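Beneath this line is the structure, given in structure tokens, with notes to follow.
Protein chains get the first letters and strands the later ones, always in sequence-line order, with residue 1 at the start of each. As the structure is a computational prediction, the values presented were derived from the model and not from experiment.
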Amino acid sequence: MNMNWLILNAVSWLLFFFGAAFPVLILLKAIGLTGFMKVTRYEKHNTFYYRMNPSVKIILGIMVMVVASVTIWWIGAIMTVIILSTYLTLKDGKRKFITGMFLTMMTVIGTTWAFAPYTPYVILQEAFHSNQLTTLWVWPSYFTVMGYQPALTTQGLIYGFQISMRFAAVSLMSLVLVMTSTPSQVLRSLNKVGIPTSITFSLVVAMRTIPRIFEYIDTSVKIQFMKGLGSNAPSFLRPFYMLAGAFSGIVPVIVFLVRGAKDTAISADTRAFRAYSKRTYMHPMTIGKVDKMALSAVVLIVLLTVIVVMMGFGKGISYNG
Amino acid sequence: MGFNGISGILNSPGEIPWEIVVLFFGAGLLFVFLWGRKTGGLEKFTTLDLIYIGIGAAFAVVWEFYIGAFLGKFIPSNPFFGIGYTGRLIALLIVAGLVRKVGVGMVAMFIFNLLSDLISYGFSGEPMYFMYEMLTYGLMMDIVIAAAGPNLFGIKSPERRITEKDRSAQRKGFEYITKMPAEYLAAIEGILIGIFWVVPEPLFYGGFISPFLYGGVVDWGKILFDMVAFIPSAVIIGAIGGLITLRIVRAVGQ
């Protein structure tokens with residue numbers, strides 16, 4: 001009796017920590033912060049994504065988002081595979097492909113685990129048109145305090161996995177935009193759509209800052225380790241010290257970044273940023289052959305989606321939210 | 001089915017009358033418009049301000065998708081404390097402290113939304129969410145900025161002079177913590193914004209946006225409970241956020 005209780009609790013907490021920590025473990029161990037920076041930063045190259053107009057990439061992203069959210073899960077899965085395979089055409093493509101694969105794994109496991117234990121049975125029963133749910137693991141009763149359902153079900157896992165297919169393709173596509181266009185290209189194409197320069201400028205600063213935040217937090221953590229953070233602790237506690245270091249590095253990193261803001265402002269202002277309401281560009285954004293091909297692909301996919309939805313492959317499962 | 005996932009239900013049981021919502025949003029827009037006319041609106045932001053807003057938005061995204069998303073897994077969903085709320089509040093407080101111009105709340109909220117919500121939650125229900133977040137969270141911050149004037153968070157307060165008593169304590173080798181009026185002001189204004197921010201989620205979202213978009217019965221008992229339950233943590237986080245802001249702004253040297 002007591003043994004059973006112990007096993008039940010140990011396994012439940014193990015499962016709990018698996019869901020929370022495994023995606024982060026993938027990020028830290030398999031991808032690494034440098035690998036992550038590589039997929040969030042522009043590098044010069046000359047394949048089709050790099051020649052494409054940023055607005056077309058944004059349209060592609062929105063289209064992937066829309067299609068994934070109105071169709072059955074396996075269409076999202078197919079799009080994920082297709083987009084991931086185009087990572088091979090990027091600069092240093094093999095490495096980016098592998099990183100992208102790990103990121104997708106993170107998304108899938110993270111999202112599945114974010115939905116599977118929490119989704120109320122009523123929703124699962126409605127989604128699967130059945131009152132029969134297969135119980136895989138019964139949680140200790142106090143887990144309900146955390147919003148857990150009494151038990152983990154196969155249907156819950158499937159439901160979570162299918163929802164993750166809504167996000168996987170979109171997040172891969174939005175990384176393509178960041179990896180293959182310079183911030184100034186994004187700025188120009190957004191301006192063309194009519195968004196005020198001041199807003200696009202802030203947006204581009206934000207886009208550029210995101211990978212730098214990781215870089216500086218990484219540096220900050222390393223410096224703290226050099227100063228002896230957790231040096232006497234056993235090695236299995238190291239990830240916790242890493243997290244603690246990252247957490248206490250946040251405010252110094254903000255100060256460091258914000259101090260650098262003045263240099264950015266001076267360099268933008270000395271180039272007469274916002275001196276005139278209209279701007280001209282050395283390299284105007286044009287719609288080229290690649291863009292036309294991409295746009296026709298968009299039209300084709302939209303048509304296919306309409307057909308697929310009409311055939312009854314719309315939302316295969318009634319997502320909640 | 002309505003437009004873009006918006007059902008447009010105006011008569012759910014218990015839903016806030018749409019007239020009141022329109023009136024509130026209208027008054028908010030009018031306030032911003034008039035104030036913008038007075039101070040110059042978007043044009044008034046210097047390039048530096050725009051960069052501050054961008055950096056703040058980047059932090060909000062990093063928090064929402066990585067740090068906060070991770071921490072959130074260890075904290076059960078509860079009505080007392082929100083990880084997402086914490087990160088957003090502190091990021092926006094810092095931006096407000098650095099820029100200190102009316103309108104920064106809304107512009108920052110707009111960019112936060114473009115970068116984070118749109119990617120994570122999709123385009124369904126837009127533009128309702130943009131309006132909702134800008135005109136509740138953003139507007140409330142702008143009202144506090146307008147009311148506080150240039151000495152927001154005590155940034156312009158003089159640092160306290162060291163008194164004779166402190167010197168004698170120093171001579172005796174005591175460590176002591178100085179409490180300057182600026183710190184109090186920063187904490188109080190942080191708390192104010194924190195409490196203001198508690199209201200929209202239960203009241204506007206639960207009472208209007210959610211039934212408007214998806215329908216359903218509004219539970220006013222739950223709305224009131226959610227608001228009251230959240231206030232203690234909002235007070236603590238607001239105070240901490242105000243103090244962090246003061247520290248950062250001083251470190252940047254304004």
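- To the nearest 0.5 angstrom, A:Asp269 atom CG is 8.5 Å from B:Leu48 atom CG.
- In terms of heavy-atom pairs under 4.5 Å with chain B, the best-connected choice from A:Leu203, A:Val251, A:Val253 is A:Leu203.
- In this structure, the side chains of A:Val205 and B:Leu50 stay at 4.5 Å or more apart for every pair of heavy atoms.
- Per-residue heavy-atom pair counts under 4.5 Å with chain B were compared for A:Val204, A:Ile254, A:Ile266, and the maximum is reached by A:Ile254.
- Using a 4.5 Å cut-off between heavy atoms, B:Ile94 touches chain A through its side chain atoms alone.
- Atom CD1 of A:Ile210 and atom CD1 of B:Ile55 lie 12.0 Å apart (nearest 0.5 Å).
- At a 4.5 Å heavy-atom cutoff, the contact between A:Ile213 and chain B is made by side-chain atoms alone.
- Chosen from A:Ala268, A:Ala246, A:Ala261, A:Ser202, the residue pairing most often with chain B at heavy-atom distances under 4.5 Å is A:Ser202.
- Closest non-hydrogen pair, A:Ala206 versus B:Ala57, comes out as CB-CB, 4.1 Å.
- Residue B:Ile51 holds its CD1 atom at 11.5 Å from CG of A:Leu257, rounded to the nearest 0.5 Å.
- Both the backbone and the side chain of B:Ile248 come within contact range of chain A, with heavy atoms under 4.5 Å apart.
- Remark: A:Phe256 pairs with A:Tyr216 by the ring pair (Phe, Tyr, Trp, His ring centres under 6.0 Å) rule, at least two apart or across chains.
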